[in-house]
Amino acid sequence: MSDKRQRARVQGSWAKQLPKQSRPAVPLSQIASPAAASWGIRRQTMPGNFEFHQPIERVRDVPPERVIDQAGDYEISHGPSGVSRLRLLPDFLPAQEADWMFSKLLAELPWSQKTNIRQGEAYAEPRLTCWFGELPYTYARSTMAANTQWHPLLQTLRTLVTEASGGSGGGGDRFNSLLCNLYRDGHDSIGWHSDDEASLGHQPLIASLSLGDSRVFSLRKNPPPHQVAKEYHDRGPRINLTFRNMYPEPQGYRPGTKLRFTPKYTHRSHFQFSSEKP
């Protein structure tokens, strides 16, 4: 056995190596660095001269910022969904009455902190909320349960807002739902968003009543929507009541699905009622 192993070693040492395969020469300009290869980048030969060509697509013009602080009706954007209009009514309530309503709602509404889902992770909203309406409301992949126990003061405000926005008088039936937001200080906020869930209908109409301290309410043209940004100086609490109409989810839509507007729809409206402190 040992003789066979020795002969195998001898024969192996005499075995001839296979000839090396020749490789075609590759220009250095086509060899990518290891870092570039890891990102899927391939180096290409570039011409020695460069020519500027005007972009085919027109660069979108950003409209100048403007401050709206006077009462009136404003057309704030034109788009595929039609014209978006804003009606601003400052000093909607007498100052003493507004202060009393603010204190009562702050103390008696069922405020809680909602948990939303963003990019697969849960986060707590930087504000407190409560919901009133016969239907639930889903946004940011989280649902607020239906709540038909309206606070009597909210019923009164709904009637006032309905009449001021040109709706039916007395019954307050133009808005069947209400989302209440409590911004406890300047660090509470709401990010850019659009009230365009399918459950709000094809022509969303929202009446926003603000009580308490003043905050900057920002709007910008779709696709970027509106926000109440964080503020890094002292701000007192602010309550924002957004009256709206809710409808059953359209067939085939999941709760909270965004509605894709098409040109056949005419307009979106937003009423801004303010009794904030100056």
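Note that the structure is predicted; figures quoted are calculated from it, not measured.
With sequence neighbours left out, the ring pair (Phe, Tyr, Trp, His ring centres under 6.0 Å) criterion links W100 to no other residue. Take E75 and apply the salt bridge (charged side-chain N to carboxylate O under 4.0 Å, His left out) test, not counting sequence neighbours, and it matches R85. Not counting sequence neighbours, R118 has no partner by the side-chain hydrogen bond (donor to acceptor under 3.5 Å, both in side chains) test. Partners of N181 according to the side-chain hydrogen bond (donor to acceptor under 3.5 Å, both in side chains) rule, which considers only residues two or more places apart in sequence or in another chain, are R127. With sequence neighbours left out, the side-chain hydrogen bond (donor to acceptor under 3.5 Å, both in side chains) criterion links Y137 to E197, R244. Shown here are the salt bridge (charged side-chain N to carboxylate O under 4.0 Å, His left out) partners of D73, two or more places apart in sequence or in another chain: R87.
Here the CZ atom belonging to F175 is positioned 10.0 Å from the CZ atom belonging to R158, to the nearest 0.5 angstrom. Going from atom CG of L211 over to atom CG of L106 covers 10.5 Å, rounded to the nearest 0.5 Å.
Here the side chains of L93 and L160 are in contact, with some heavy-atom distance below 4.5 Å. By the 4.5 Å heavy-atom criterion applied to side chains, S208 and N240 are counted as neighbours.
Neither Y123 nor I117 shares a network with the other; the hydrophobic side chains, linked directly or stepwise wherever heavy atoms of I, L, V, M, F, W or Y lie under 4.5 Å apart, form separate groups for each.
A tilted orientation is assigned to the rings of W150 and F132, their planes being inclined by 30° to 60°.
Within a 6.0 Å sphere centred on CD of E97, other residues, nucleotides and ligands contribute more than 12 heavy atoms.
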